[in-house]
Amino acid sequence: MAEGSQFLSFRGIRVHYHVHLPEAPLTNRVLLLGSPLMTTFNWRKLLPELDQMGCLTVTCDLPGFGKSLSEADVPQGHEIRASILWGILDEVDRETGSPMSMWHLAGHGTACATLLRMLNQAPDSVKTQMFISPLLMLDPPVRGVKSLQAQFDEVVSSKERFQAFMDAWSVQKLDDYVLDRMRKPLLQRGVRTNFARMVAHAHAEAGDDMGFCPTMVVYGNKDPLMDEKQLTAVRARLPDAEVHTLKSAGHYPMETHSKALRDYMRGWIRYNDT
């Protein structure tokens, strides 16, 4: 099958994904799903390790964000997102001649709630779940959607404000070229509306939990978003998860602590391959 950037459309909703085929014999399949402020670019440091392990890896932009921005109205509920993502993985399975394959699902931030819905929709197709800095409970601001859109515009419109905002979340300063790659897609028309909708639907849905699926959580000990509310939600939704903290990491360990994250992912996949 083709590698590189690809697109699939679902009732006018165009979704961007990237297929990475391993040079080693294929042993596993991994989905890496970023949060709204990320793109497929932000997973680049993990890909060589997954390649060496023989993982076919799909990196995907959330519908309505990154290169997945569409002129069509993009719902932000987890049900439609999960259905779209399974459609992409089914297409990858079809092109590789491996229908009904099992996938390791890995996600970041608010995307983790979408992975829980994917598990709910097709439990027999999920081998494990890996949650990075999971945000399973995210309340919209008291002042409502218009206020959130105004705050989004204020942060994104200024390179300096965006850098300060991201530095606070990541704790460690991100390189300028990384910040530029993250900010540019957010300047597209329509993203602010999708972001506000996303926040309104960010809660993990009732009944979505880890079930009997092996689940690992990794988050930064200095992540300002992983407060007691988030940790309580993680404990409630993922009571039997294997939990690891990165002592000096913030919200984006795939950028600031990629080596440690690679170590955890490598060990996790190998352990669950036995």
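- The environment of Glu23 atom CD is sparse: at most 12 non-hydrogen atoms of other residues, nucleotides or ligands sit within 6.0 angstrom.
- Remark: side-chain polar atoms of Ser101 are not paired, donor with acceptor, to backbone N or O of Asp93 under 3.5 angstrom.
- Put simply, the side chain of Arg81 never gets that close to the backbone of Leu62: no donor and acceptor are under 3.5 Å apart.
- Taking each heavy atom of Trp268 and Glu242 in turn, the nearest pair found is CZ3-OE1, 3.7 Å.
- Atom-to-atom distance recorded for Phe65:CZ and Asn194:CG is 5.0 Å, nearest 0.5 angstrom.
- Between the side chain of Asn28 and the backbone N or O of Gly54, no donor-acceptor pair lies under 3.5 Å.
- Atom CZ of Arg262 is surrounded by more than 12 heavy atoms from other residues, nucleotides or ligands within 6.0 Å.
- The number of heavy-atom neighbours closer than 6.0 Å to OH of Tyr177, taken from other residues, nucleotides and ligands shown, is above 12.
- Contact of the Leu50 side chain with the Ile269 side chain is registered, since non-hydrogen atoms from C-beta on lie closer than 4.5 Å.
- Put simply, the side chain of Asn42 gets close to the backbone of Thr39: a donor and an acceptor are under 3.5 Å apart.
- Judged by distance alone, with hydrogens and angles left aside, the side-chain atoms of Trp169 form no donor-acceptor pair with the main-chain N or O of Tyr252 at under 3.5 Å.
- The aromatic rings of Phe7 and His16 sit tilted relative to each other, their planes meeting at an angle between 30° and 60°.
- Closest of all the heavy-atom pairs between Ser5 and Lys67 is OG-NZ, 4.1 Å.
- In terms of modelled atom types and a separation under 3.5 Å, the side chain of Thr57 and the main chain of His20 share no donor-acceptor contact.
- Residues Cys112 and Leu136 have side chains in contact (heavy-atom distance under 4.5 Å, counting atoms from C-beta outward).
- Closest heavy-atom contact between Gly66 and Pro185: CA-CB, 3.9 Å.
- Heavy atoms only, all atoms of each residue included: Ala106 and Met265 are closest at CB-CE, 4.4 Å.
- Here the side chain of Arg44 pairs a donor or acceptor atom with the backbone of Phe41 at under 3.5 angstrom.
- The nearest pair of heavy atoms linking Leu179 to Leu174 is CD1-O, 3.8 Å.
- Under the 3.5 Å distance criterion, the side-chain polar atoms of Ser125 are left unmatched by any main-chain donor or acceptor of Trp103.
- Judged purely by atom type and a 3.5 angstrom limit, Gln76 uses its side chain to pair as donor or acceptor with the backbone of Pro63.
- Classification of Arg270 and Asp273 as a salt-bridged pair fails, no side-chain N sitting under 4.0 Å from a carboxylate O.
- Taking all atoms of both residues into account, the shortest heavy-atom contact from Pro75 to Ile13 is CD-CD1, 3.6 Å.
- A salt bridge is absent between Lys173 and Glu255: the closest approach of a Lys/Arg side-chain nitrogen to an acidic carboxylate oxygen does not fall below 4.0 angstrom.
- Ion pair Lys259/Asp263 flagged as a salt bridge, since at least one NZ, NE, NH1 or NH2 atom sits closer than 4.0 Å to an Asp/Glu carboxylate oxygen.
- When only modelled atom types and interatomic distance are considered, His108 and Ser35 share a side-chain donor-acceptor pair under 3.5 Å.
- Under 4.0 Å is where a charged nitrogen must lie from a carboxylate oxygen, and between Glu228 and Arg235 at least one such pair does.
- Within 6.0 Å of NZ in Lys127 there are more than 12 heavy atoms belonging to other residues, nucleotides or ligands.
- Under the 3.5 Å distance criterion, the side-chain polar atoms of Arg183 are matched with a main-chain donor or acceptor of Ser157.
- Residues passing the side-chain contact (heavy atoms from CB on, under 4.5 Å) test with Gln230 are Leu135, Met137, Met226, Asp227, sequence neighbours excluded.
- Note: His78 and His203 fail the aromatic proximity criterion, with ring centroids not under 6.0 Å apart.
- Under a cutoff of 6.0 Å and an axis angle of 45°, Arg192 and Phe195 do not form a cation-pi pair.
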